[in-house]
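Scope of the values below: all heavy atoms of this structure, side chains included, with no hydrogens, waters or symmetry mates.
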Amino acid sequence: MTPNALKNMKSANDKVVLGLIGCGGRGTRLILDFRKNCMGVEVKYICDVDATRGGRAIKELGKDQGYEPLWVEDMRRVYEDKDVDAVIIATPEHWHALAFVWACQAGKDIYIEKNISQSIPEGLKMIEATQKYNRIVQVGSQNRSGDYAFSARNYISEGKLGNIVSVKCNCLLPGHQAWFLKPDSPVPEGLNWNMWLGPAPEVPYSVSRHKAPYDWWEYSPGLQMAMAVHVVDLARMVLGDPDCPESVYCAGGRILFNDNRSIPDIQAVTFEYDDFSMTCESAKFGDYMSKSKPEVRFGDKFPDWRLNSTRIEIYGTEGIMYLGIMGGGWQVIGQDGEVRDEEYGYFPDENHQKNFIGCIRSGKMPNADIIQGHKSASLIHLANLSYRVGNKQLIYNSKEGVIENSEEAKQISKGSYREPYTIPEII
(Lines give C-alpha, C1' and ligand atoms only; values in the text may rest on other atoms or scores of the structure.)
Protein backbone atom coordinates (compact mmCIF):
# COMPACT_ATOMS: atom_id res chain seq x y z
CA MET A 1 0.00 0.00 0.00
CA THR A 2 1.29 3.47 -0.85
CA PRO A 3 2.30 5.73 2.10
CA ASN A 4 -0.87 7.81 2.10
CA ALA A 5 -3.15 5.26 0.47
CA LEU A 6 -5.89 5.49 3.09
CA LYS A 7 -6.81 8.97 1.96
CA ASN A 8 -7.30 7.62 -1.60
CA MET A 9 -9.36 4.57 -0.71
CA LYS A 10 -12.92 4.13 -1.92
CA SER A 11 -15.40 1.49 -0.87
CA ALA A 12 -15.76 -1.54 -3.11
CA ASN A 13 -19.05 -0.16 -4.44
CA ASP A 14 -17.97 3.43 -5.07
CA LYS A 15 -18.30 4.74 -8.61
CA VAL A 16 -15.02 5.33 -10.45
CA VAL A 17 -15.12 8.04 -13.13
CA LEU A 18 -12.68 7.75 -16.03
CA GLY A 19 -11.41 9.93 -18.83
CA LEU A 20 -9.68 8.65 -21.97
CA ILE A 21 -6.66 10.55 -23.32
CA GLY A 22 -6.02 9.46 -26.89
CA CYS A 23 -8.78 7.56 -28.66
CA GLY A 24 -7.08 5.65 -31.42
CA GLY A 25 -7.71 1.95 -31.86
CA ARG A 26 -6.10 0.83 -28.59
CA GLY A 27 -7.52 3.68 -26.54
CA THR A 28 -11.03 3.08 -27.85
CA ARG A 29 -10.80 -0.64 -27.11
CA LEU A 30 -9.54 0.03 -23.60
CA ILE A 31 -12.23 2.50 -22.59
CA LEU A 32 -15.03 0.30 -23.91
CA ASP A 33 -13.59 -2.73 -22.11
CA PHE A 34 -13.13 -0.86 -18.82
CA ARG A 35 -16.80 0.03 -18.89
CA LYS A 36 -17.80 -3.53 -19.87
CA ASN A 37 -15.51 -5.44 -17.50
CA CYS A 38 -15.45 -3.31 -14.34
CA MET A 39 -18.46 -2.75 -12.13
CA GLY A 40 -19.21 0.83 -11.12
CA VAL A 41 -17.15 2.51 -13.83
CA GLU A 42 -18.42 5.51 -15.78
CA VAL A 43 -16.69 7.49 -18.52
CA LYS A 44 -17.07 11.27 -18.49
CA TYR A 45 -14.53 12.38 -21.12
CA ILE A 46 -13.10 11.31 -24.46
CA CYS A 47 -10.07 13.43 -25.35
CA ASP A 48 -8.18 13.60 -28.62
CA VAL A 49 -6.47 16.29 -30.68
CA ASP A 50 -8.24 14.95 -33.78
CA ALA A 51 -11.93 15.87 -33.89
CA THR A 52 -12.63 13.01 -36.29
CA ARG A 53 -11.76 10.43 -33.62
CA GLY A 54 -13.76 9.30 -30.62
CA GLY A 55 -17.20 9.06 -32.19
CA ARG A 56 -17.49 5.30 -31.86
CA ALA A 57 -16.56 5.33 -28.16
CA ILE A 58 -18.92 8.21 -27.41
CA LYS A 59 -21.88 6.51 -29.10
CA GLU A 60 -21.31 3.07 -27.58
CA LEU A 61 -20.69 4.45 -24.10
CA GLY A 62 -23.75 6.68 -24.40
CA LYS A 63 -25.96 3.68 -25.09
CA ASP A 64 -24.36 1.65 -22.31
CA GLN A 65 -24.19 4.16 -19.45
CA GLY A 66 -27.15 6.36 -20.30
CA TYR A 67 -25.25 9.52 -21.24
CA GLU A 68 -22.58 10.35 -23.74
CA PRO A 69 -19.09 11.30 -22.56
CA LEU A 70 -17.89 14.79 -23.42
CA TRP A 71 -15.38 15.14 -26.26
CA VAL A 72 -12.54 17.58 -25.58
CA GLU A 73 -9.38 18.47 -27.48
CA ASP A 74 -7.15 19.47 -24.55
CA MET A 75 -6.44 16.86 -21.86
CA ARG A 76 -6.05 19.61 -19.27
CA ARG A 77 -9.82 20.07 -19.33
CA VAL A 78 -10.17 16.46 -18.17
CA TYR A 79 -7.57 16.96 -15.47
CA GLU A 80 -9.31 20.09 -14.15
CA ASP A 81 -12.55 18.19 -13.47
CA LYS A 82 -12.59 16.98 -9.87
CA ASP A 83 -15.27 14.39 -10.72
CA VAL A 84 -12.66 12.40 -12.69
CA ASP A 85 -10.90 9.78 -10.55
CA ALA A 86 -8.54 8.31 -13.14
CA VAL A 87 -7.40 8.62 -16.74
CA ILE A 88 -6.30 6.17 -19.40
CA ILE A 89 -3.36 7.55 -21.37
CA ALA A 90 -3.20 5.99 -24.84
CA THR A 91 -1.51 8.75 -26.84
CA PRO A 92 1.58 8.24 -28.99
CA GLU A 93 4.60 7.66 -26.75
CA HIS A 94 6.12 11.11 -27.18
CA TRP A 95 3.20 12.51 -25.16
CA HIS A 96 3.24 9.91 -22.36
CA ALA A 97 5.54 11.55 -19.83
CA LEU A 98 4.00 15.03 -19.97
CA ALA A 99 0.42 13.72 -19.95
CA PHE A 100 1.37 11.48 -17.01
CA VAL A 101 2.98 14.21 -14.87
CA TRP A 102 0.09 16.60 -15.51
CA ALA A 103 -2.35 13.87 -14.43
CA CYS A 104 -0.38 13.18 -11.24
CA GLN A 105 -0.32 16.87 -10.37
CA ALA A 106 -4.07 17.03 -10.91
CA GLY A 107 -4.61 14.17 -8.45
CA LYS A 108 -5.68 11.55 -11.00
CA ASP A 109 -4.83 7.85 -10.88
CA ILE A 110 -3.44 6.57 -14.15
CA TYR A 111 -3.55 3.61 -16.51
CA ILE A 112 -0.74 4.24 -19.02
CA GLU A 113 -0.12 2.28 -22.16
CA LYS A 114 3.29 0.90 -23.01
CA ASN A 115 5.96 1.96 -23.81
CA ILE A 116 5.56 4.24 -20.80
CA SER A 117 8.20 6.77 -21.84
CA GLN A 118 10.50 7.97 -24.58
CA SER A 119 13.62 7.86 -22.42
CA ILE A 120 15.13 6.75 -19.12
CA PRO A 121 15.04 10.30 -17.66
CA GLU A 122 11.33 10.52 -18.49
CA GLY A 123 10.65 7.24 -16.71
CA LEU A 124 12.50 8.43 -13.60
CA LYS A 125 10.45 11.64 -13.63
CA MET A 126 7.25 9.58 -13.86
CA ILE A 127 8.28 7.52 -10.83
CA GLU A 128 9.05 10.73 -8.95
CA ALA A 129 5.62 12.17 -9.79
CA THR A 130 3.83 8.95 -8.81
CA GLN A 131 5.48 8.94 -5.40
CA LYS A 132 5.27 12.69 -4.77
CA TYR A 133 1.56 12.93 -5.56
CA ASN A 134 0.68 9.51 -4.14
CA ARG A 135 -1.01 8.10 -7.24
CA ILE A 136 -2.20 4.62 -8.18
CA VAL A 137 -0.58 3.72 -11.51
CA GLN A 138 -1.09 0.67 -13.68
CA VAL A 139 1.17 0.23 -16.70
CA GLY A 140 -0.44 -1.45 -19.70
CA SER A 141 1.76 -4.53 -19.27
CA GLN A 142 -1.24 -6.81 -18.98
CA ASN A 143 0.77 -10.02 -18.93
CA ARG A 144 1.45 -9.24 -15.26
CA SER A 145 -2.20 -9.99 -14.51
CA GLY A 146 -2.25 -13.38 -16.24
CA ASP A 147 -2.73 -16.38 -13.95
CA TYR A 148 -0.30 -18.38 -16.05
CA ALA A 149 2.37 -15.68 -15.56
CA PHE A 150 2.09 -16.06 -11.79
CA SER A 151 2.36 -19.85 -12.02
CA ALA A 152 5.39 -19.61 -14.34
CA ARG A 153 7.09 -17.31 -11.83
CA ASN A 154 6.34 -19.73 -9.01
CA TYR A 155 7.61 -22.68 -11.05
CA ILE A 156 10.94 -20.96 -11.65
CA SER A 157 11.30 -19.60 -8.11
CA GLU A 158 10.74 -23.10 -6.71
CA GLY A 159 13.78 -24.30 -8.68
CA LYS A 160 11.91 -26.67 -10.98
CA LEU A 161 13.90 -25.46 -14.00
CA GLY A 162 17.14 -25.63 -12.04
CA ASN A 163 19.50 -22.67 -12.30
CA ILE A 164 18.53 -20.20 -15.03
CA VAL A 165 21.42 -19.68 -17.43
CA SER A 166 19.95 -18.12 -20.57
CA VAL A 167 16.78 -16.26 -21.59
CA LYS A 168 15.85 -15.55 -25.19
CA CYS A 169 13.11 -13.01 -25.93
CA ASN A 170 11.64 -12.85 -29.42
CA CYS A 171 9.60 -10.20 -31.18
CA LEU A 172 9.74 -11.35 -34.79
CA LEU A 173 6.67 -9.76 -36.33
CA PRO A 174 5.29 -10.75 -39.72
CA GLY A 175 5.21 -8.46 -42.74
CA HIS A 176 7.69 -6.17 -44.40
CA GLN A 177 7.64 -3.43 -46.99
CA ALA A 178 9.77 -0.58 -48.21
CA TRP A 179 9.28 2.79 -46.53
CA PHE A 180 8.04 5.72 -48.60
CA LEU A 181 8.13 9.22 -47.13
CA LYS A 182 5.06 11.06 -48.34
CA PRO A 183 5.39 14.78 -49.07
CA ASP A 184 4.25 17.44 -46.62
CA SER A 185 0.63 18.49 -47.07
CA PRO A 186 -2.03 20.76 -45.51
CA VAL A 187 -3.20 19.83 -42.03
CA PRO A 188 -6.44 17.81 -42.25
CA GLU A 189 -9.58 19.52 -41.04
CA GLY A 190 -10.29 18.83 -37.39
CA LEU A 191 -6.68 18.00 -36.42
CA ASN A 192 -4.71 20.22 -34.06
CA TRP A 193 -1.29 19.41 -35.50
CA ASN A 194 0.57 21.68 -33.10
CA MET A 195 -0.94 19.85 -30.14
CA TRP A 196 -0.38 16.44 -31.75
CA LEU A 197 3.32 17.28 -31.96
CA GLY A 198 3.28 18.52 -28.37
CA PRO A 199 6.80 18.15 -26.90
CA ALA A 200 8.29 17.02 -30.24
CA PRO A 201 10.01 19.43 -32.68
CA GLU A 202 7.81 21.61 -34.84
CA VAL A 203 7.58 20.28 -38.39
CA PRO A 204 5.10 20.66 -41.26
CA TYR A 205 2.23 18.20 -41.39
CA SER A 206 3.04 14.86 -42.99
CA VAL A 207 0.71 11.89 -43.14
CA SER A 208 3.85 9.73 -42.82
CA ARG A 209 4.36 11.15 -39.34
CA HIS A 210 0.72 11.45 -38.27
CA LYS A 211 -0.41 7.97 -39.29
CA ALA A 212 2.86 6.12 -38.73
CA PRO A 213 4.52 7.49 -35.56
CA TYR A 214 6.30 4.16 -35.03
CA ASP A 215 8.49 4.99 -38.03
CA TRP A 216 10.07 7.94 -36.18
CA TRP A 217 12.40 8.19 -33.19
CA GLU A 218 10.74 11.52 -32.32
CA TYR A 219 7.47 9.79 -31.42
CA SER A 220 8.25 6.18 -30.49
CA PRO A 221 10.82 3.44 -29.86
CA GLY A 222 9.90 1.80 -33.17
CA LEU A 223 7.12 -0.71 -33.81
CA GLN A 224 9.05 -3.90 -33.06
CA MET A 225 10.62 -2.57 -29.88
CA ALA A 226 7.30 -1.11 -28.74
CA MET A 227 5.93 -4.67 -28.84
CA ALA A 228 9.16 -6.19 -27.51
CA VAL A 229 8.64 -4.37 -24.20
CA HIS A 230 5.77 -6.80 -23.53
CA VAL A 231 8.12 -9.72 -24.07
CA VAL A 232 11.02 -8.51 -21.92
CA ASP A 233 8.58 -7.37 -19.23
CA LEU A 234 7.01 -10.82 -18.91
CA ALA A 235 10.47 -12.40 -18.92
CA ARG A 236 11.54 -10.08 -16.11
CA MET A 237 8.38 -10.82 -14.13
CA VAL A 238 8.72 -14.60 -14.16
CA LEU A 239 12.42 -14.31 -13.30
CA GLY A 240 11.53 -12.35 -10.16
CA ASP A 241 11.98 -8.85 -11.65
CA PRO A 242 15.77 -8.51 -11.83
CA ASP A 243 17.09 -4.96 -11.96
CA CYS A 244 18.38 -3.39 -15.15
CA PRO A 245 21.38 -5.04 -16.83
CA GLU A 246 24.95 -3.89 -16.34
CA SER A 247 25.45 -3.41 -20.06
CA VAL A 248 23.52 -3.57 -23.32
CA TYR A 249 24.68 -4.15 -26.89
CA CYS A 250 22.46 -3.88 -29.98
CA ALA A 251 23.32 -4.89 -33.55
CA GLY A 252 21.02 -4.53 -36.53
CA GLY A 253 19.94 -2.05 -39.15
CA ARG A 254 17.63 -1.28 -42.03
CA ILE A 255 18.63 -4.52 -43.73
CA LEU A 256 15.73 -5.58 -45.93
CA PHE A 257 15.31 -2.19 -47.61
CA ASN A 258 17.79 0.61 -48.21
CA ASP A 259 15.10 3.29 -47.90
CA ASN A 260 16.59 5.85 -45.49
CA ARG A 261 14.23 5.12 -42.61
CA SER A 262 16.15 5.75 -39.39
CA ILE A 263 14.38 3.10 -37.31
CA PRO A 264 15.81 -0.37 -38.10
CA ASP A 265 13.82 -3.38 -39.21
CA ILE A 266 16.08 -5.85 -37.38
CA GLN A 267 17.68 -5.54 -33.94
CA ALA A 268 19.58 -8.20 -31.98
CA VAL A 269 20.16 -7.18 -28.37
CA THR A 270 22.30 -8.68 -25.60
CA PHE A 271 21.61 -7.74 -21.98
CA GLU A 272 24.40 -8.53 -19.51
CA TYR A 273 23.35 -9.69 -16.04
CA ASP A 274 25.48 -11.09 -13.23
CA ASP A 275 24.15 -14.64 -13.20
CA PHE A 276 22.43 -15.24 -16.54
CA SER A 277 22.37 -13.91 -20.10
CA MET A 278 19.35 -12.45 -21.85
CA THR A 279 18.87 -11.59 -25.50
CA CYS A 280 16.08 -10.02 -27.52
CA GLU A 281 15.68 -10.43 -31.26
CA SER A 282 13.27 -7.92 -32.73
CA ALA A 283 12.37 -7.68 -36.39
CA LYS A 284 9.64 -7.43 -38.98
CA PHE A 285 9.86 -9.76 -41.97
CA GLY A 286 8.12 -12.57 -43.85
CA ASP A 287 4.64 -13.93 -43.33
CA TYR A 288 5.24 -17.27 -41.59
CA MET A 289 5.69 -15.98 -38.01
CA SER A 290 2.66 -14.83 -36.02
CA LYS A 291 1.56 -13.81 -32.56
CA SER A 292 -0.58 -16.25 -30.59
CA LYS A 293 -3.87 -16.71 -32.41
CA PRO A 294 -7.34 -16.19 -30.83
CA GLU A 295 -7.83 -19.93 -30.32
CA VAL A 296 -4.68 -19.87 -28.17
CA ARG A 297 -5.41 -16.63 -26.31
CA PHE A 298 -9.00 -17.55 -25.51
CA GLY A 299 -8.92 -21.35 -25.44
CA ASP A 300 -7.10 -24.41 -24.14
CA LYS A 301 -4.42 -24.58 -26.77
CA PHE A 302 -0.70 -23.79 -27.05
CA PRO A 303 0.97 -22.01 -29.96
CA ASP A 304 3.38 -23.69 -32.32
CA TRP A 305 6.41 -22.35 -30.50
CA ARG A 306 8.63 -22.65 -33.58
CA LEU A 307 6.55 -20.04 -35.44
CA ASN A 308 5.40 -17.93 -32.51
CA SER A 309 6.54 -14.34 -33.02
CA THR A 310 6.70 -13.37 -29.36
CA ARG A 311 7.85 -16.50 -27.56
CA ILE A 312 10.19 -16.45 -24.57
CA GLU A 313 12.68 -19.29 -24.12
CA ILE A 314 13.98 -19.76 -20.58
CA TYR A 315 16.85 -22.25 -20.34
CA GLY A 316 17.57 -23.83 -16.97
CA THR A 317 19.88 -26.62 -15.97
CA GLU A 318 16.85 -28.96 -15.68
CA GLY A 319 14.80 -28.00 -18.72
CA ILE A 320 13.53 -25.30 -21.05
CA MET A 321 10.35 -23.27 -20.59
CA TYR A 322 8.52 -21.87 -23.60
CA LEU A 323 6.40 -18.92 -22.48
CA GLY A 324 3.96 -16.84 -24.53
CA ILE A 325 2.69 -13.33 -24.01
CA MET A 326 -0.99 -12.31 -24.12
CA GLY A 327 -2.36 -15.69 -23.11
CA GLY A 328 0.11 -18.02 -24.81
CA GLY A 329 0.64 -20.10 -21.67
CA TRP A 330 3.80 -22.08 -20.91
CA GLN A 331 5.30 -25.52 -21.42
CA VAL A 332 8.44 -27.10 -19.96
CA ILE A 333 10.44 -29.58 -22.03
CA GLY A 334 12.74 -32.01 -20.23
CA GLN A 335 15.78 -34.01 -21.24
CA ASP A 336 13.75 -36.65 -23.06
CA GLY A 337 12.05 -34.05 -25.26
CA GLU A 338 8.67 -34.66 -23.66
CA VAL A 339 6.46 -31.98 -22.13
CA ARG A 340 7.11 -32.19 -18.39
CA ASP A 341 4.77 -29.46 -17.12
CA GLU A 342 2.43 -26.95 -18.71
CA GLU A 343 -0.34 -24.44 -18.13
CA TYR A 344 -2.69 -22.85 -20.63
CA GLY A 345 -2.93 -19.08 -20.70
CA TYR A 346 -5.83 -16.72 -21.31
CA PHE A 347 -5.77 -13.16 -22.63
CA PRO A 348 -5.19 -11.05 -19.48
CA ASP A 349 -6.73 -7.67 -20.43
CA GLU A 350 -9.88 -8.10 -18.32
CA ASN A 351 -7.90 -9.20 -15.24
CA HIS A 352 -5.56 -6.24 -15.68
CA GLN A 353 -8.37 -3.71 -15.94
CA LYS A 354 -10.16 -5.12 -12.90
CA ASN A 355 -6.90 -5.05 -10.95
CA PHE A 356 -6.46 -1.33 -11.68
CA ILE A 357 -10.00 -0.36 -10.67
CA GLY A 358 -9.76 -2.56 -7.58
CA CYS A 359 -6.53 -0.82 -6.56
CA ILE A 360 -8.12 2.61 -6.97
CA ARG A 361 -10.72 1.48 -4.44
CA SER A 362 -8.35 -0.33 -2.05
CA GLY A 363 -5.19 1.76 -2.30
CA LYS A 364 -3.10 -1.34 -3.00
CA MET A 365 -0.19 -1.54 -5.44
CA PRO A 366 -1.33 -2.66 -8.92
CA ASN A 367 0.16 -5.70 -10.63
CA ALA A 368 2.11 -3.57 -13.14
CA ASP A 369 3.45 -0.68 -11.07
CA ILE A 370 5.36 2.26 -12.50
CA ILE A 371 8.76 1.13 -11.17
CA GLN A 372 8.68 -2.23 -12.96
CA GLY A 373 7.20 -0.53 -16.02
CA HIS A 374 10.17 1.84 -16.06
CA LYS A 375 12.73 -0.93 -15.62
CA SER A 376 11.30 -2.90 -18.53
CA ALA A 377 11.08 0.23 -20.69
CA SER A 378 14.71 0.98 -19.82
CA LEU A 379 15.80 -2.23 -21.56
CA ILE A 380 14.15 -0.97 -24.75
CA HIS A 381 15.66 2.50 -24.41
CA LEU A 382 19.15 1.12 -23.79
CA ALA A 383 18.88 -1.19 -26.80
CA ASN A 384 17.82 1.67 -29.07
CA LEU A 385 20.53 3.96 -27.72
CA SER A 386 23.17 1.30 -28.35
CA TYR A 387 21.97 1.05 -31.95
CA ARG A 388 21.75 4.81 -32.46
CA VAL A 389 25.33 5.49 -31.29
CA GLY A 390 26.76 2.99 -33.76
CA ASN A 391 26.11 -0.45 -32.25
CA LYS A 392 28.18 0.34 -29.18
CA GLN A 393 28.06 -1.57 -25.91
CA LEU A 394 26.64 0.73 -23.24
CA ILE A 395 27.56 0.43 -19.56
CA TYR A 396 24.60 1.28 -17.38
CA ASN A 397 24.51 2.35 -13.74
CA SER A 398 21.00 1.36 -12.69
CA LYS A 399 21.29 2.90 -9.22
CA GLU A 400 21.92 6.35 -10.71
CA GLY A 401 19.97 5.76 -13.89
CA VAL A 402 22.85 6.90 -16.10
CA ILE A 403 24.92 5.57 -18.99
CA GLU A 404 28.57 5.70 -18.00
CA ASN A 405 30.50 5.36 -21.25
CA SER A 406 28.76 7.41 -23.96
CA GLU A 407 28.11 11.15 -23.91
CA GLU A 408 26.27 10.81 -27.21
CA ALA A 409 23.84 8.29 -25.70
CA LYS A 410 23.34 10.58 -22.70
CA GLN A 411 22.46 13.51 -24.96
CA ILE A 412 20.00 11.48 -27.04
CA SER A 413 18.40 10.17 -23.85
CA LYS A 414 18.13 13.67 -22.42
CA GLY A 415 15.89 14.68 -25.30
CA SER A 416 14.47 18.12 -26.03
CA TYR A 417 11.05 19.57 -25.34
CA ARG A 418 9.27 22.25 -27.32
CA GLU A 419 7.72 25.10 -25.38
CA PRO A 420 5.19 25.16 -23.82
CA TYR A 421 5.15 21.34 -23.70
CA THR A 422 7.93 20.88 -21.19
CA ILE A 423 7.69 18.46 -18.28
CA PRO A 424 7.17 20.51 -15.10
CA GLU A 425 9.32 20.19 -12.00
CA ILE A 426 8.03 17.87 -9.28
CA ILE A 427 7.61 20.11 -6.25
Novice: Does the side chain of T422 come within less than 4.5 Å of P199's, by heavy atoms?
Specialist: no
Novice: Does CZ in R418 sit with more than 12 non-hydrogen atoms of other residues, nucleotides or ligands closer than 6.0 Å?
Specialist: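 Counting neighbours around CZ of R418, more than 12 heavy atoms of other residues, nucleotides or ligands fall under 6.0 Å, so yes.
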Novice: Between E122 and Q118, is there a donor-acceptor pair closer than 3.5 Å when you use the side chain of the first and the backbone of the second?
Specialist: yes
Novice: Side chain of Q372, backbone of D233: donor and acceptor closer than 3.5 Å?
Specialist: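 Judged by distance alone, no pair lies under 3.5 Å.
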Novice: To the nearest 0.5 Å, tell me how far K108 NZ sits from I136 CD1.
Specialist: 15.0 Å
Novice: Consider only side-chain N and O atoms of S220 and E93, and report whether a donor and an acceptor are under 3.5 Å apart.
Specialist: no
Novice: So, using side chain to side chain contact (heavy atoms under 4.5 Å, CB included) as the criterion, who are the partners of A152 when residues are at least two apart?
Specialist: V238, M321, L323, W330
Novice: For residues P121 and S119, determine if any side-chain heavy atom of one lies less than 4.5 Å from a side-chain heavy atom of the other.
Specialist: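 The answer is yes, as the side chains (C-beta and beyond) meet within the 4.5 Å cut-off.
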Novice: Applying ring pair (Phe, Tyr, Trp, His ring centres under 6.0 Å), run through Y322 and F302 and close with a yes or a no.
Specialist: CA-CA 10 Å; Y322 289 101; F302 293 106; over 10 Å; no
Novice: Could you state the interatomic distance from CZ (F271) to SG (C250), rounded to the nearest 0.5 Å?
Specialist: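 Spacing of CZ (F271) from SG (C250) equals 8.0 Å.
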Novice: I'd like to check S292 versus N308 (side-chain heavy atoms, cut-off strictly below 4.5 Å). Are they in contact?
Specialist: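 The answer is yes, as the side chains (C-beta and beyond) meet within the 4.5 Å cut-off.
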Novice: If we ignore hydrogens and angles and just use 3.5 Å, is the side chain of N115 paired with the main-chain N or O of A228 as donor and acceptor?
Specialist: no
Novice: Answer yes or no: are there more than 12 heavy-atom neighbours, outside E425 itself, under 6.0 Å from its atom CD?
Specialist: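 No, because the 6.0 Å sphere around CD of E425 holds 12 heavy atoms or fewer from other groups.
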Novice: Can you list everything that forms a side chain to side chain contact (heavy atoms under 4.5 Å, CB included) with K132? Sequence neighbours excluded, please.
Specialist: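 For K132 the side chain to side chain contact (heavy atoms under 4.5 Å, CB included) partners, ignoring immediate neighbours, are I426.
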Novice: For R26, is there an ion pair with D349 - N to carboxylate O distance below 4.0 angstrom?
Specialist: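 So D349 pairs with R26 through a salt bridge.
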Novice: Do V139 and D369 have side chains that get closer than 4.5 Å, going by heavy atoms?
Specialist: no
Novice: Output yes when a side-chain donor or acceptor of D259 lies under 3.5 Å from a complementary backbone atom of A178, and no otherwise.
Specialist: no
Novice: Kindly compute the distance separating CG (N391) from CD (Q267), expressed to the nearest 0.5 Å.
Specialist: 9.5 Å
Novice: Test ring pair (Phe, Tyr, Trp, His ring centres under 6.0 Å) on H94 and W196 and set out the steps.
Specialist: CA-CA 10 Å; H94 71 288; W196 188 95; 5.2 Å; yes
Novice: Could you list all the salt bridge (charged side-chain N to carboxylate O under 4.0 Å, His left out) pairs where at least one residue sits in residues 375-396, not counting sequence neighbours?
Specialist: D243-K375
Novice: Among residues at least two apart in sequence or on other chains, which ones pass ring pair (Phe, Tyr, Trp, His ring centres under 6.0 Å) with F298?
Specialist: F347
Novice: I'd like to check L382 versus N384 (side-chain heavy atoms, cut-off strictly below 4.5 Å). Are they in contact?
Specialist: no
Novice: For H352 versus S141, what's the shortest heavy-atom pair and its separation?
Specialist: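 So the minimum-distance heavy-atom pair works out to CE1-O, 3.5 Å.
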Novice: Determine yes or no for a side-chain-to-main-chain donor-acceptor pair under 3.5 angstrom, with Y249 supplying the side chain and E272 the backbone.
Specialist: no
Novice: Salt bridge between E295 and K293, side-chain N to carboxylate O under 4.0 Å?
Specialist: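 The answer is no: the pair does not qualify as a salt bridge.
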Novice: Got a list of side-chain donor-acceptor pairs under 3.5 Å for residues 275-286, not counting sequence neighbours?
Specialist:
from, atom 1, to, atom 2, distance (Å)
K284, NZ, P174, O, 3.0

Novice: Would you confirm whether H374, through its side chain, and I127, through its main-chain N or O, come within 3.5 Å as a donor-acceptor pair?
Specialist: no
Novice: Give a yes or no on whether a salt bridge exists between E80 and R76, defined as a side-chain N under 4.0 angstrom from a carboxylate O.
Specialist: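 No, no charged N to carboxylate O under 4.0 Å.
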Novice: Hey, is the main chain of M195 close enough, under 3.5 Å, to the side chain of W95 for a donor-acceptor pair?
Specialist: yes
Novice: Treating Y148 as the side-chain partner and G327 as the backbone partner, does any N or O pair qualify as donor plus acceptor under 3.5 Å?
Specialist: yes
Novice: Which residue in the set I88, N37, V41 passes side chain to side chain contact (heavy atoms under 4.5 Å, CB included) when paired with Q353?
Specialist: N37
Novice: Using atom types as modelled and distance alone, determine if a side-chain donor or acceptor of S362 lies under 3.5 Å from a backbone N or O of G358.
Specialist: yes
Novice: Is there a side-chain contact between Y421 and N194 in this structure, where contact means two heavy atoms from C-beta onward sitting under 4.5 Å apart?
Specialist: yes
Novice: Does any non-hydrogen side-chain atom of V269 lie less than 4.5 Å from one of V232?
Specialist: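 SC-SC contact between V232 and V269 ruled out.
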Novice: Please table the atom pairs, donor to acceptor, closer than 3.5 Å between any side-chain atom in residues 182-190 and protein atoms at least two apart or in another chain.
Specialist:
none

